[in-house]
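Just so you know, residue 1 is the first one in the sequence shown, and it goes up from there.
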Amino acid sequence: MRFLALSVVAVLLSGGRLMSAPVATTAAATLAQCQKELQPDQPVELRRRATLVAGKYLTAEASRLLAQCLQDEDAVVRRNALVSIGEEQFHLRQNEKGVLGCLLDPEVNIRRLASSLLDEVMVAMSSAQTAKELPNVINSALQDEDAEVRRNVLVALQNRAVSLDGRVLVPFLQESSPETVVLAIMPYLMSDAPPEEQCKTLLPLAARPEREIRLALAEELEFSTEPALMELFQTLAKDEVAEVRSYALACLLRLAPEDDSLFPAVRQLLADDSVADGSRVRLLEALRGFPAEQSWPVLEPLLMRSQPERLRLTAWQILLARKELQESLPTDRLIREFLAEPTPTIRRIQLSILRRRQDVLTLDDLAKLQSGGFADVRRSALSLSAGFSLEQRMELLFNALLDEDDSVRVEAVRLVASLRPPEWKQILCDSLDDHSAAIAIAAARGLLPVVGNDGTVAAALKKYLPHCQDAALRRQLVERLSKIGTTPPGPKK
């Protein structure tokens, strides 16, 4: 925009016919004057200046004039129009077809500028007819004699679904520049070249010495399930770079799940601590649908806490989704892992699996959980004890009431209110004096149902009321205490 502003100032200072109108001239009048100045029979300098002025207005008429300028016989007029269009999304949306036409302009600087705008044009493209013409225009631009134009087009094609002529892209795959080759891989895979031809063309890239080429090739093939590319996957699966191998092996696992010869390479890569976590996770994800007898030997070592967190999380997620896999995991190991697991997300997964085994857990198992170092682990002992009798649960319950963590004690207080063991009212009345507001609130809620028929409870709640920090609970306490003839005290100052 700065370039455009300076150009307009220059026109103003030049005293030309176009800007001789009063300052108060309206946009419509100015554009009408521009239209006159842009007629083919007008002097070229006037047309050049008029193009710059029209570009400063964000109206449909201004965009139409810029489209007209793109067809002007003068290269400077066309360039000025393209600059104005490129600076404003409004004009770009109105002139997507015109910008594409500039890819075939005889002036190389215009083609360069148009190719640099190609990505934005494809993002904003709204015309079905323009989209239909796009592949032919790009095929021509990829054969441009200018290297910058060709490169700009390749860059714009990244992550764009355009089916091109595969033959046009082959020369880029054979260039010495690794950057150019990498840019051409994805468009070629999306081209009209048949899979067999793609395999033949891309196979030499798997032997290129440049790591970035082989890695880019493996990345672009990550989700391919094309059997015709099998030889390419097999070659990449032997690459010296582990990340390349992980992509290729994942593809092979999908294409040939019955091939047991893949698993030694898979296990070796997953067990290699020097391999990046992302590569190992990628390969592990490819095993999700495999039978338990195949996947468990690979999955089992990855559940250990010595593994990187990201890899360990993926392994536990796979286990959570597969009941037949869970059967291979002994309960005592699951408890040990749960007790010592440092990642809360993984502990939640482990707890979900433990809940499915609630009927086989013993009181000793739950006592182990209560000795754990994480509050959520200790809390879980209470919920997992639901299948035991009240008498059997009492020791767990009293241990939880003495826990150092407030959240564990809150859970214990709620369970006391629900189970109502002997002396439960006294336990809750004592809890009203706890330093934790959450524990006192839980105790008060537990006592609320019996306040009308127990004077001791009513007195305890009356004493607690000034300290209550829960507005809804306070209203309930006031209502209940008033009904039984006890005058509730006001809030404590």
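Screening residues 264-277 for salt bridge (Lys or Arg N to Asp or Glu O under 4.0 Å) gives Asp273-Arg280 as the qualifying pairs, with residues at least two apart or on separate chains. Applying the side-chain hydrogen bond (donor to acceptor under 3.5 Å, both in side chains) rule to pairs touching residues 286-306 yields Asp260-Gln294, Glu285-Arg288, Glu300-Arg333, Arg305-Glu337, sequence neighbours excluded. Residue pairs meeting the side-chain hydrogen bond (donor to acceptor under 3.5 Å, both in side chains) criterion with at least one member in residues 431-443, sequence neighbours excluded: Arg409-Asp434. Residue pairs satisfying the ring pair (Phe, Tyr, Trp, His ring centres under 6.0 Å) criterion with at least one member in residues 229-272, sequence neighbours excluded, are listed as follows: Phe263-Phe290.
With sequence neighbours left out, the side-chain hydrogen bond (donor to acceptor under 3.5 Å, both in side chains) criterion links Arg310 to no other residue. Legend: residues meeting salt bridge (charged side-chain N to carboxylate O under 4.0 Å, His left out) with Asp403, ordered by chain and number and at least two apart, are Arg378. Applying the side-chain contact (heavy atoms from CB on, under 4.5 Å) criterion to Phe388, with sequence neighbours excluded, gives Leu363, Leu366, Ser385, Gln392, Arg393. Not counting sequence neighbours, the partners of Glu240 by the salt bridge (charged side-chain N to carboxylate O under 4.0 Å, His left out) test are Arg214. In this structure, the side-chain contact (heavy atoms from CB on, under 4.5 Å) partners of Pro195, at least two apart in sequence or on a different chain, are Glu226, Ala228. For Glu61, the side-chain contact (heavy atoms from CB on, under 4.5 Å) criterion is met by Leu31, Gln35, Thr59, Arg64, Leu65, not counting sequence neighbours. Every residue meeting the salt bridge (charged side-chain N to carboxylate O under 4.0 Å, His left out) condition with Glu222, not counting sequence neighbours, appears here in chain and number order: Arg282. Scored by the side-chain contact (heavy atoms from CB on, under 4.5 Å) test, Asn453 finds Val450 as partners (sequence neighbours excluded).
Between Glu309 and Thr343, the side chains place a donor N or O and an acceptor N or O closer than 3.5 Å (distance only, hydrogens not considered). In summary, the side chains of Ser383 and Arg355 do present a donor paired with an acceptor at a separation below 3.5 Å, with no hydrogens or angles considered. Side-chain contact annotation: Thr362 with Asp364, donor-acceptor N/O pair under 3.5 Å absent.
Atom NZ of Lys425 has more than 12 heavy atoms from other residues, nucleotides or ligands within 6.0 Å.
Seen from the ring of Phe374, Arg347 counts as a face-on cation partner, given the 6.0 Å and 45° thresholds.
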- Message: Go through it in stages, so that I can follow the logic: the residues are Glu87 and Lys56, the test is salt bridge (charged side-chain N to carboxylate O under 4.0 Å, His left out), and I'd like the CA-CA distance, side-chain angles, deciding distance and then a yes or no.
- Response: CA-CA 10 Å; Glu87 289 180 336; Lys56 68 180 285 191; over 6 Å; no
